[in-house]
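For reference, the structure is listed below as structure tokens.
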Number of protein chains: 2
Amino acid sequence: MSPELNNTALAEPVGCLCPDPRAWRLEDLPCTLETEDESRSFLIRQGGRRTVGPNEAIFAGGPTESRCFRVLEGVVRLVTFFPDGARQIVRFAFPGDYFGLTHAERLLTAEAVSPVVLLEFDAGKLQRLGECNPLLGRQLANVLRASASEALDHVGLLGRKDARKRLALFLRFLHQNIGLGDIVSVPMSRSDIADFVGLKIETVSRAFGYLRRRHLIDDVGRGVLRLDLVGLDLLIDGEG
Amino acid sequence: MSPELNNTALAEPVGCLCPDPRAWRLEDLPCTLETEDESRSFLIRQGGRRTVGPNEAIFAGGPTESRCFRVLEGVVRLVTFFPDGARQIVRFAFPGDYFGLTHAERLLTAEAVSPVVLLEFDAGKLQRLGECNPLLGRQLANVLRASASEALDHVGLLGRKDARKRLALFLRFLHQNIGLGDIVSVPMSRSDIADFVGLKIETVSRAFGYLRRRHLIDDVGRGVLRLDLVGLDLLIDGEG
DNA sequence: CGGTAGCTTGATGCGAGTCAACCCATGTGG
DNA sequence: CCACATGGGTTGACTCGCATCAAGCTACCG
């Protein structure tokens, strides 16, 4: 890939061990890298920090894409555009989430939903790093596992035929990621929600209306909701 | 498929480095384990080979589940049962595929679609093995990545609103996994297909009828189809 | 033979899609 | 300050496609 930088043993493919593995826990990785000059080379651009405005593209997707990211602030959407004109939002990435770790994700398009702050990595380097450092490798594997399980949840959501159940599940999902108590903010547009849950925006809007009427959700400020969590679960699990 | 490799250090749990890492390519793993008495301890039951009849459960799912499998013959379905009575088939596993590698998958129910031959592993041991052997770890990571990308494809399928497109996509998917030339066998029932693509069996049946009438598929033997691949792609990508 | 399970086909209803109008907040220029 | 344009959201009238209910069909097995 890019063999030009081999400042440390970490650039070696296999068999290397980092001097202090505990410094390489994946959660700490960005912070550690920021403060350590020697570690900067792991970031694709020096510093690696990057801010993106709403609806700006982070990458357009394609076989050449080799970057991956961690979200620090804001929300990112990963999108497929079908030849027939349809759009499918495959995943939302929230603060703390990684995206672009798999080749499949790098084929997608990544766009900022809200103002976003990211850390940018070279995917290949990160992978090689994970392979030579067992601890980091385990963390990376956990991230992979988490994203796989999230995709399964998404499948479960799309399997539901009822529009209101889908929206309820989506709100539960959102709450699980950025909820505080029974409050959750909804940073994405109806259009984004629709393309995530497999509905049209009018149907999403009507489903919102239904939930509001039933007081399963209540508006509190712009794009901020109070959820009746047990009520939503009841709706989701109910026969009707 | 009868390698006479002898590496003795393999039974050690953690911190081991195999003398010949190339002997541990994930693809070869089962074969190696079969023939080596010393390696048997990696399999949860001695031998690890297991056959399952159609519609029999392989595991029922739950937090205690710690086994994972590789399919040698046949097809396996991974299923979620929702409290409201609905059923969602999250994934089909074909010969060569692994399942149960992630905790999320181990929460599901695994059932044989057709007569199945499996290899059975202890998930924790396999994971630890991957962590201490870089080459095997990379293979495991690739399996994880593959299953993540397959889940994304599934999301893309379920995002489509048209029943015929969904079925066409499903057949393409099936062909990709067990197709030969333009021939593919369909081992699973309409009910399984329906719960995989998010439709009812009647709708699936009608969609089959439509594809047949258009000669995008043609019956050749029991549960065996000849596909018009370009025609199917045209249908999938078409506006209507 | 009858029995059953899986698949197909038909008639009907319902819910999501579609098309369209409207609201409302924001922004722009005169 | 207002007139106007714009984009996102909501709401209504209507259509269409999938779900539903129901009947028949075929194959396999007793």
Side-chain angles (χ1 to χ4, degrees), chain A residues 53-55 77 84-89 111 113-114 157-171 185-214 217 219 221-225 235 238-240, chain B residues 53-56 77 82 84-89 111 113-115 157-171 185-213 217 219 221-225 235 238-240:
Chain A
N55 294 318
R77 60 171 177 259
D84 65 355
R87 192 181 80 136
Q88 174 71 43
I89 294 185
E111 298 162 335
V113 168
S114 52
L157 188 157
L158 290 167
R160 306 301 185 107
K161 297 180 216 320
D162 191 335
R164 290 167 290 192
K165 283 188 180 183
R166 286 197 196 181
L167 184 60
L169 269 163
F170 172 73
L171 291 174
S185 83
V186 185
M188 62 284 288
S189 70
R190 300 294 133 123
S191 174
D192 283 347
I193 299 174
D195 288 342
F196 184 82
V197 302
L199 297 169
K200 292 288 163 183
I201 62 171
E202 296 96 330
T203 309
V204 170
S205 188
R206 281 183 241 272
F208 263 110
Y210 174 85
L211 296 181
R212 248 191 292 267
R213 229 169 296 123
R214 289 246 163 169
I217 62 177
D219 289 270
R222 287 190 54 70
V224 180
L225 299 176
L235 169 66
E239 302 282 336
Chain B
N55 294 319
E56 264 182 53
R77 60 170 177 259
F82 295 118
D84 65 354
R87 191 181 80 137
Q88 174 71 43
I89 294 185
E111 297 163 336
V113 168
S114 52
L157 188 157
L158 289 167
R160 306 300 186 109
K161 297 181 217 317
D162 190 335
R164 290 167 291 192
K165 283 189 180 182
R166 285 197 197 181
L167 184 60
L169 269 162
F170 172 74
L171 291 174
S185 83
V186 185
M188 62 284 289
S189 69
R190 299 294 133 122
S191 173
D192 282 347
I193 298 174
D195 288 342
F196 184 84
V197 302
L199 298 170
K200 292 289 162 183
I201 62 171
E202 297 96 328
T203 308
V204 171
S205 188
R206 281 183 240 272
F208 263 111
Y210 174 85
L211 296 181
R212 247 192 292 267
R213 228 170 295 125
I217 62 177
D219 289 271
R222 284 193 55 68
V224 180
L225 299 176
L235 169 66
E239 302 284 336

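In the text below, chain A, chain B and the rest are named by the order of the sequence lines, each starting its count at 1.
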How long is the line joining [atom1] of [X] and [atom2] of [N], in whole Å?
X	N	atom1	atom2	result
A:N55	D:dG7	CG	P	12 Å
B:R164	D:dC16	CZ	C1'	11 Å
B:L167	D:dG17	CG	C1'	16 Å
A:R213	D:dT10	CZ	P	11 Å
B:R160	C:dG17	CZ	P	15 Å

Check whether any side-chain heavy atom of [X] lies under 4.5 Å from a side-chain heavy atom of [Y], and answer yes or no.
X	Y	answer
A:F170	A:L199	no
A:R214	A:L235	no
A:R190	A:F208	yes

Within the 4.0 Å heavy-atom criterion, would you say B:R212 contacts the bases, only the backbone, or no part of the nucleic acid? sugar-phosphate

Contact list please: residues 194-207 of chain A against DNA chain D, heavy atoms, distance less than 4.0 Å, in numerical order. A:E202, A:S205, A:R206

For A:R77 and A:D195, run salt bridge (Lys or Arg N to Asp or Glu O under 4.0 Å): C-alpha distance rounded to whole Å, both residues' side-chain angles, the deciding distance at 0.1 Å, then the answer. CA-CA 11 Å; A:R77 60 171 177 259; A:D195 288 342; over 6 Å; no

Quick one: CD on B:Q88 to CG on B:L158, what's the gap to the nearest 0.5 Å? 6.0 Å

Pairwise distance CD1(A:I193) to CG(A:L167) - rounded to 0.5 angstrom: 6.5 Å

